[in-house]
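Numbered from 1 within each chain, the chains take letters A, B, ... in sequence-line order. These numbers were taken from a predicted model, which means no experiment stands behind them. In what follows, every heavy atom counts, from backbone to side chain, and hydrogens, waters and symmetry copies are set aside.
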Number of protein chains: 2
Amino acid sequence: MRISTRGEYGVRAMFDLAIHYGKGPIPLRVIAERQVVSEHYLEQLMRSLRQAGLVVSRRGAQGGYELADHPENIRIGDIIRVLEGPITPLDCLESTTGTGGPYCEQPELCVLRGLWRSLQESMEQVLDNTTLEDLRRDAAAMKVAESYAGNLS
Amino acid sequence: MRISTRGEYGVRAMFDLAIHYGKGPIPLRVIAERQVVSEHYLEQLMRSLRQAGLVVSRRGAQGGYELADHPENIRIGDIIRVLEGPITPLDCLESTTGTGGPYCEQPELCVLRGLWRSLQESMEQVLDNTTLEDLRRDAAAMKVAESYAGNLS
DNA sequence: TTCAATTCCGACGTAGTTACTCGGGATTCC
DNA sequence: GGAATCCCGAGTAACTACGTCGGAATTGAA
């Protein structure tokens, strides 16, 4: 029931970009330093996020990454899905082929399906109802100045 | 964000025992056949569940496993915790030592902590408010006779 | 009393995943 | 032209998930 470091670091990086939204591109090196994660590793994650259209990049000197959209339009669930795949406790909920044991092919007969579906919905509810803007506002409410906020995990 | 087969098979097995609660011990072999999981593997899971006090066992001929308590007193969360460990998206929520990045040692300064905590609470809310009795009742409501219910995933 | 059924236990194996690292090419600004 | 930066594919070491295996201990029944 854990998210991996991909999701964790990815959200940290996106939060960092949200805090500094509107100030032009931020180099990977800076994000990695502020969030205390491996630069090379984070680069891989940013690659995924860029391909998914959540961030845009600029190459060369003065280049870097920035959010592709306003923080209020980026949900945490979007980030997690890109980096971790579908938000689901069990793969069989996503496919119709049924890998969740006997009778999983006939969802109407699978009692446990309802349980896992509820779990899935409750997770998605939290992650899709929180945007980067919410987090940015939380940071501000904590009276943590922007200059420090970049260091928050 | 997935549960592993330990949790999945474990819940399936406990559900099976709930359906057949009050009829004496059920041999591992029977559970494994009904749920279509490896007998040897399931044995390991039952070992954990027994040590945690969720099931009781009887050895020898006519032996097997049964729930240690009435199905309404066994929550899905109890089962998952035994087989998967704490229900949490991030280990740092469980410890006070702080492994969630900079400032995680000072939770009041960690903006993301609130997000992960919400996610954790929503997962626990579902898993701790569903008991084996709820699932048993679901099965009955589905008009699936007990004799078939044992086959449900 | 013997025998078959069953749980109990510890160890082993192995395929896949995770969490990175690395080297170099392409692009952009000054 | 050169420094800064992103872009890309490959490699790798450790860990985890998902089992397997062989046999000892216990129990009920014939």
5'-most contact on DNA chain C: A/S4 or B/R29, nearest heavy atom basis?
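The residue whose closest nucleotide sits nearer the 5' end is B/R29.
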Qualifying residues under salt bridge (charged side-chain N to carboxylate O under 4.0 Å, His left out), relative to A/E133, sequence neighbours excluded
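Per chain and number, A/E133 pairs via salt bridge (charged side-chain N to carboxylate O under 4.0 Å, His left out) with A/R136, A/R137.
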Roughly how bent is the helix from C/dT1-D/dA30 to C/dC30-D/dG1 end to end, in steps of 10 degrees, with each end axis from five pairs?
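Answer rounded to 10°: the end axes differ by 10°.
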Decide yes or no for [X] and [Y]: does some side-chain heavy atom of the first lie under 4.5 Å from some side-chain heavy atom of the second?
X	Y	result
B/H20	B/P25	no
A/Y21	A/H70	yes
B/F15	B/R12	no
B/V11	A/W116	yes

Pair A/I76-A/L132, side-chain contact (heavy atoms from CB on, under 4.5 Å): steps then yes or no:
CA-CA 7 Å; A/I76 305 303; A/L132 288 176; 4.0 Å; yes
Check against side-chain contact (heavy atoms from CB on, under 4.5 Å), B/L90 and A/R2:
CA-CA 6 Å; B/L90 240 56; A/R2 315 287 151 90; over 6 Å; no
Write out all pairs satisfying ring pair (Phe, Tyr, Trp, His ring centres under 6.0 Å) with one or both partners inside residues 48-69 of chain A, taking only residues at least two apart or from two chains.
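For residues 48-69 of chain A, and leaving out neighbouring residues, there are no ring pair (Phe, Tyr, Trp, His ring centres under 6.0 Å) pairs at all.
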Under 4.0 Å between a side-chain N or O of B/S38 and OP1 or OP2 of D/dC18?
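So the side chain of B/S38 is outside the cut-off, no N or O lying under 4.0 Å from OP1 or OP2 of D/dC18.
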Please tabulate, for side-chain N and O atoms in residues 55-62 of chain A, each donor-acceptor pair with protein atoms closer than 3.5 Å (sequence neighbours left out).
none

Atom [atom1] of [X] to atom [atom2] of [N]: distance rounded to whole Å?
X	N	atom1	atom2	result
A/H40	D/dG9	NE2	P	16 Å
A/Y65	D/dA4	OH	P	17 Å
A/L28	D/dA4	CG	C1'	13 Å

Partners passing side chain to side chain donor-acceptor pair (under 3.5 Å) against B/E72 (at least two apart in sequence or in another chain):
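Partners of B/E72 under the side chain to side chain donor-acceptor pair (under 3.5 Å) test: none.
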Got a sec, which residues hit side chain to side chain donor-acceptor pair (under 3.5 Å) with B/D78, two or more places apart in sequence or on another chain?
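Here the qualifying residues are B/R75.
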One pair to check against side-chain contact (heavy atoms from CB on, under 4.5 Å): B/I87 and B/I80. What are the steps and the verdict?
CA-CA 8 Å; B/I87 295 166; B/I80 298 289; 4.0 Å; yes
Side-chain atoms of residues 121-129 of chain B: list all donor-acceptor pairs with protein atoms under 3.5 Å, sequence neighbours left out, distances to 0.1 Å.
| from | atom 1 | to | atom 2 | distance (Å) |
| --- | --- | --- | --- | --- |
| B/S122 | OG | A/S122 | O | 3.4 |
| B/S122 | OG | B/L119 | O | 3.0 |
| B/E124 | OE2 | B/R81 | NH2 | 3.0 |
| B/D128 | OD1 | B/R81 | NH1 | 3.1 |
| B/D128 | OD1 | B/R81 | NH2 | 3.4 |
| B/D128 | OD2 | B/R81 | NH2 | 2.7 |
| B/N129 | ND2 | B/Q125 | O | 2.6 |

Residues from residues 73-85 of chain B lying under 4.0 Å of DNA chain D - heavy atoms:
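Nucleic-acid contacts, sorted: none.
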Within residues 41-56 of chain B: residues closer than 4.0 Å to DNA chain D (heavy atoms)
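Heavy-atom cutoff 4.0 Å gives B/Y41, B/Q44.
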Provide a list of protein-nucleic acid N or O atom pairs under 3.5 angstrom, restricted to nucleotides 24-30 of chain D.
| from | atom 1 | to | atom 2 | distance (Å) |
| --- | --- | --- | --- | --- |
| D/dT27 | O2 | B/A61 | N | 3.1 |

Identify every side-chain donor-acceptor pair in residues 38-48 of chain A under 3.5 Å, counting partners at least two apart or on other chains, and give the distances.
| from | atom 1 | to | atom 2 | distance (Å) |
| --- | --- | --- | --- | --- |
| A/S38 | OG | A/H40 | N | 3.4 |
| A/S38 | OG | A/Y41 | N | 3.0 |
| A/Y41 | OH | A/T5 | OG1 | 3.1 |

Leading and trailing nucleotides of DNA chain C with any atom under 4.0 Å from heavy atoms of chain B
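In short, chain B contacts DNA chain C from C/dA5 to C/dG10.
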side-chain contact (heavy atoms from CB on, under 4.5 Å) assessment of B/I74 paired with B/I79
CA-CA 8 Å; B/I74 301 181; B/I79 302 169; 4.2 Å; yes
